[in-house]
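Only a predicted model underlies this, so the values are computations on that prediction, with no experimental measurement involved. Counting begins at 1 with the first residue of the sequence.
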Amino acid sequence: MRRLGGGAAAADDDGGVIVELHVDDLHAALGDPALNSMNFLNEVAQHYPDAVSLAAGRPYEEFFEFSALHRYLDTFRRHLVDDLGQSPGQVHRTLFQYGRTKGIVHHLVARNLAVDEGMTVDPEAIVVTVGCQEAMFLLLRALRADPRDVLLAVAPTYVGLTGAARLLDLAVRPVATTESGVDLADLRGQIHRARSEGLRPRACYLMPDFANPSGVSIPMSDRRALLDLAQEENLLLIEDNPYGLFPAGDDRRLPTLKALDTNRQVIYLGSFAKTVLPGARVGYVVADQRVVGADGATSLLADQLAKVKSMVTVNTSPLAQAVVGGVLLEHGCSLVAATARERVVYARNLRHLIDGLGRRFPAGSSVRWTAPTGGFFVVVTVPFPVDDALLHRSAREYGVLWTPMAHFYDDGIPVHALRLSVSAVTPEDIDRGLDRIAEFVAGEVAGRGAVASAC
């Protein structure tokens, strides 16, 4: 066996030489649990196709239409001709060639943010990305300037954010959450603690509306207090908002942090995965902060992110953008209007799940759960630690899938909670799933009690 470029070589069955690499010769993040989480959570359902899945945060699929894709493309094509004055040749190049790095629907995204969120955004401050995941990666790459830099994130945290930070050697420090959102005292304490250690907290990542996985939303008073704190501490806020259009109540939505932001303290991440089509893989980042160059010239942070993007994905698929653009155009650039049917489904399912938990785990039960006012997710606390092995047993023996909450923490401490999603199921699925979860919980409690008695 020989080393080759940091790897080793071994003989195959035919006597040939096959180069082998050792994991220690690869980036350290590849061995981090955070990078295994996304694939595990996406693929576990494939191993148990007959199980009821209350795990996936995928959007409702019954309204997807193949025929609509052609209509959306044609709507956007007509927009290029009628509204933007493009010639047939320009239209062909716009849709079929490599495109502008910042995207070709940035002006429609800006209109959408004005219509639905009351934001006034310069289209040039928007970079259209390959899903919101790329937006996170571009942003964290730009912010991570040296080893002193750290990112704060409200815990539990979306695992895609944690994994992206790992790949960029950017340390993530958790900020405590409360029933009403971020713990502002802990946020300030984490900022001061990091600085006292010679570190630079660059930003704090959070989902103010129906967060994944907690389902928690930040009330209006705390949103203003959070912005004040960020200004006082000279800290950027990274606002991720994939679920904000899905309240389960009276449709009154709180303004986003970015809509309240008067100091360009907030970088806003958006996605069309939950609202339009996850298969399009289109997201965006609003980065309107000014960047001062060595020569004193200024640019937008979005311009700097576009440089990074040009070396990562070059540009976001124009055809995928055109589908999203067609949806926006057909609904007056309002995703509130475009998602009216989905909003009814998600609200119905969320109420059905919470009511169903109450029927199966009455008062006095050791099982507790959150009651979000919108979004996709409910967190259920159980009287035993939950991990991936237990998820496999739940799927194999009880026929129900859920998500271990341990995936959303970064400290390795056992977590007595699981996440349920209502987005891709029917009320009948929810009832069958909850019946099986009740059996699963009863079985675990009884089994652990028997072990304790035997000891």
Side-chain angles (χ1 to χ4, degrees), residues 26-39 98-103 106 109 124-154 157-175 191 194 199-207 230 234-242 258 264-271 273 281-294 297-317 321 410:
L26 304 178
H27 192 278
L30 295 176
D32 192 287
L35 268 73
N36 293 323
S37 289
M38 193 77 77
N39 285 340
Y98 294 106
R100 179 177 177 272
T101 301
K102 280 188 177 181
H106 55 304
V109 175
E124 289 301 317
I126 296 170
V127 180
V128 182
T129 56
V130 181
C132 191
Q133 192 65 34
E134 188 194 19
M136 292 180 191
F137 190 87
L138 301 180
L139 178 58
L140 298 187
R141 174 64 282 171
L143 291 178
R144 201 280 190 189
D146 68 43
R148 296 175 299 155
D149 294 330
V150 297
L151 176 70
L152 305 179
V154 175
T157 307
Y158 168 57
V159 69
L161 183 281
T162 308
R166 288 287 183 277
L167 286 172
L168 296 166
D169 299 316
L170 178 62
V172 180
R173 292 196 166 194
V175 175
I191 295 169
L199 302 174
R200 300 194 308 175
R202 301 307 309 273
C204 179
Y205 169 87
L206 69 168
M207 290 187 189
N234 192 28
L235 182 77
L236 291 169
L237 298 176
I238 303 174
E239 179 179 19
D240 191 3
N241 188 26
K258 189 60 179 174
R264 299 191 181 184
Q265 210 80 38
V266 179
I267 301 168
Y268 186 83
L269 303 179
S271 172
R281 302 303 303 131
V282 178
Y284 63 91
V285 54
V286 178
D288 57 0
Q289 290 70 26
R290 292 287 177 183
V291 177
V292 181
T298 62
S299 62
L300 293 170
L301 178 57
D303 298 322
Q304 306 303 316
L305 300 185
K307 294 179 185 178
V308 183
K309 179 175 173 60
S310 71
M311 293 294 135
V312 178
T313 57
V314 182
N315 67 296
T316 301
S317 164
Q321 291 184 71
D410 201 30

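Residues satisfying the side-chain hydrogen bond (donor to acceptor under 3.5 Å, both in side chains) criterion with N234, sequence neighbours excluded, are absent altogether. Applying the salt bridge (Lys or Arg N to Asp or Glu O under 4.0 Å) criterion to D149, with sequence neighbours excluded, gives R200, R202. Under the rule for a salt bridge (Lys or Arg N to Asp or Glu O under 4.0 Å), E239 has no partner lying at least two apart in sequence or in another chain. For R100, the salt bridge (Lys or Arg N to Asp or Glu O under 4.0 Å) partners two or more places apart in sequence, or in a different chain, are E124. For T316, the side-chain hydrogen bond (donor to acceptor under 3.5 Å, both in side chains) criterion is met by K309, not counting sequence neighbours. For the salt bridge (Lys or Arg N to Asp or Glu O under 4.0 Å) test, no residue two or more places apart in sequence or in another chain qualifies with D169.
Closest heavy-atom contact between R166 and H27: O-CE1, 3.5 Å. Here the closest non-hydrogen pair linking L151 and A203 is CD1-O, 3.4 Å. The two residues G99 and N315 come nearest to each other via the heavy atoms N-ND2, 3.2 Å. Pairing each heavy atom of A287 with each of L300, the nearest pair is O-CB, 4.1 Å. Summarising the geometry of A306 relative to T101, their closest heavy-atom pair is O-CG2, 3.4 Å, with the distance given to 0.1 Å. Counting all heavy atoms, side chain and backbone alike, D288 lies closest to V266 at OD1-O, 4.2 Å.
Annotation: side chain of R141 is not in contact with side chain of V312 (no heavy-atom distance under 4.5 Å). Counting heavy atoms from C-beta on, the side chains of Q304 and S299 come closer than 4.5 Å. The shortest side-chain heavy-atom distance between L167 and L35 falls under the 4.5 Å cut-off. Under the 4.5 Å side-chain criterion, counting only non-hydrogen atoms from C-beta, L152 is in contact with I191. A 4.5 Å side-chain heavy-atom check between P201 and R173 finds every atom pair outside the cut-off. Put simply, the side chain of N241 does not reach to within 4.5 Å of the side chain of K258, judged on heavy atoms. Considering only heavy atoms from C-beta on, P174 stays 4.5 Å or farther from D410 through its side chain. Looking at V285 and E134, their side chains never come closer than 4.5 Å, going by heavy atoms from C-beta outward.
With values rounded to the nearest 0.5 angstrom, L140 atom CG is found 6.0 Å from L161 atom CG. Between atom CE of residue M136 and atom OH of residue Y158 there is a gap of 5.0 Å, rounded to the nearest 0.5 Å. Taking CD1 from I238 and OH from Y268, the interatomic distance works out to 14.0 Å, rounded to the nearest 0.5 Å. Interatomic distance, I126 CD1 to L305 CG, rounded to the nearest 0.5 Å: 12.5 Å. Between I267 atom CD1 and D240 atom CG the span is 12.0 Å, to the nearest 0.5 Å.
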| message | Please determine whether side-chain contact (heavy atoms from CB on, under 4.5 Å) holds for the pair D303 and K102, giving the CA-CA distance in whole Å, both sets of side-chain angles, and the decisive distance to 0.1 Å. | response | CA-CA 8 Å; D303 298 322; K102 280 188 177 181; 2.5 Å; yes

| task | With side-chain contact (heavy atoms from CB on, under 4.5 Å) as the test, would you mind laying out the steps for L139 and L301 before giving the verdict? | result | CA-CA 9 Å; L139 178 58; L301 178 57; 4.2 Å; yes

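Each of L138, T313, V127 was scored for a side chain to side chain contact (heavy atoms under 4.5 Å, CB included) with V308, with one residue passing: L138.
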